[in-house]
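Input: a single structure, listed below in structure tokens.
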Amino acid sequence: MELSPLDLAYSRKTSTPAKELVFAATGHRPKILGGYNTSIQQRLVGLAWAYLDKARPDRVISGMAGGWDQAWAEAATLHNIPFIAAVPFKGQESTWPKAAQVAYYALLAQAAEVHVVDSSSLWGTDEVKRAFERRNRWMVDHCNQVVALWNGGTGGTKNCVHYATRKGRFIVNLWDYWEKGEW
């Protein structure tokens, strides 16, 4: 993926004063991205790696859900960029397959910081949705730029992008690159 010098310069301008350039990621889970398999995850990491290679933030924030969030965290580790794991609530991974839990714990172990947004264990659907929303807002409130992998549909990614817009964050949506497989 090629970012123009203007894109990179603009991405460093933010309405939020900051000493560090911090990017947060929001995006879809594997079921929307083509499924739960190694090739999809490798493509996601490749896209995140390419963006981070060009943009070079000081830190990144990952919401740690499967799909784009974890690919973002993995790509950050490959670039030695510290990442903050913004975990929506304790036990978010409890219903995932064992292999997904193992990968999640391995990423958490590499995080520079783990921030649990809601420290209680949640079980009700509405509580879980609200925790994801609080996590997304926390990420936006603690970054300069949001890097989205969003197809334009409804859901948590849309809500996060709209909140970031209201907060004046610079937003980059990589969906077209994802669809074309170009980066």
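Paired with Val22 under the rule side-chain contact (heavy atoms from CB on, under 4.5 Å), one option of Arg59, Met139, Gln145, His142 passes, and it is Arg59.
Between the CG atom of Leu149 and the CD atom of Glu179 there is a distance of 9.5 Å, given to the nearest 0.5 Å. Atom CG of Asn144 sits about 11.5 Å away from atom CZ of Phe170, to the nearest 0.5 Å. Atom CD1 of Ile61 is separated from atom CG of Asp69 by 11.5 Å, given to the nearest 0.5 angstrom. Note that CD1 of Ile32 and CD1 of Ile40 are 12.5 Å apart. Values are rounded to the nearest 0.5 Å. Atom NE2 of His28 sits about 11.5 Å away from atom NZ of Lys158, to the nearest 0.5 Å.
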Q.
Could you go through Tyr163 and Asn136, starting from their C-alpha distance and side-chain angles, then the distance that decides it, and tell me whether this counts as side-chain contact (heavy atoms from CB on, under 4.5 Å)?
A. CA-CA 9 Å; Tyr163 181 72; Asn136 288 347; over 6 Å; no
Scan the side chains in residues 105-112 for donor-acceptor partners under 3.5 Å anywhere in the protein, sequence neighbours excluded, and list what turns up.
unit_1	atom_1	unit_2	atom_2	d
Tyr105	OH	Glu93	OE2	2.8
Gln110	NE2	Ala106	O	3.3

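Criterion: ILVMFWY side-chain heavy atoms under 4.5 Å apart, direct or through other members. Under it, Val161 and Tyr177 are not part of a common hydrophobic cluster. Cluster membership for Leu21 and Leu52, using ILVMFWY side-chain heavy atoms within less than 4.5 angstrom, is shared. The cluster map of Ile, Leu, Val, Met, Phe, Trp and Tyr, joined by side-chain heavy atoms under 4.5 Å apart, puts Phe83 and Val114 in the same cluster. Each of Ile84 and Val87 belongs to its own hydrophobic cluster when Ile, Leu, Val, Met, Phe, Trp and Tyr are linked at side-chain heavy-atom distances under 4.5 angstrom. Hydrophobic clustering of Ile, Leu, Val, Met, Phe, Trp and Tyr side chains at less than 4.5 Å, counting indirect connections, unites Leu47 with Trp72.
The closest side-chain heavy-atom distance from Asn159 to Lys129 is not below 4.5 Å. You'll find the side chain of Phe132 reaches within 4.5 Å of the side chain of Gln92, heavy atoms only. Looking at heavy atoms from C-beta onward, Trp178 lies in side-chain contact with Arg43 at the 4.5 angstrom threshold. Annotation: side chain of Arg135 is not in contact with side chain of His115 (no heavy-atom distance under 4.5 Å). Under the 4.5 Å side-chain criterion, counting only non-hydrogen atoms from C-beta, Asp118 is not in contact with Pro88. Contact annotation: the side chain of Lys167 approaches that of Asp141 to within less than 4.5 Å [non-hydrogen atoms, C-beta and beyond].
Between Arg137 and Glu133 a salt bridge is recorded (basic side-chain N to carboxylate O distance below 4.0 Å).
Between Trp175 and Trp150, the shortest heavy-atom contact is CB-O, 3.0 Å. Taking each heavy atom of Leu44 and Leu33 in turn, the nearest pair found is CD2-CD1, 3.6 Å. Closest heavy-atom contact between Thr26 and Cys160: OG1-CB, 3.6 Å. Pairing each heavy atom of Val147 with each of Phe23, the nearest pair is CG2-CD1, 4.1 Å. The shortest heavy-atom contact between Ala85 and Met64 is CB-CG, 3.6 Å. Summarising the geometry of Ala148 relative to Trp68, their closest heavy-atom pair is C-NE1, 4.3 Å, with the distance given to 0.1 Å.
Using a distance-only test at 3.5 Å, with no hydrogens or angles considered, a donor-acceptor pair links the side chain of Arg169 to the main chain of Val140. A donor-acceptor pair is defined here as one N or O able to donate and one able to accept, closer than 3.5 Å; no such pair exists between the side chain of His79 and the backbone of Arg56.
Using cut-offs of 30° and 60° for the angle between ring planes, the Trp96 and Tyr104 rings count as perpendicular.
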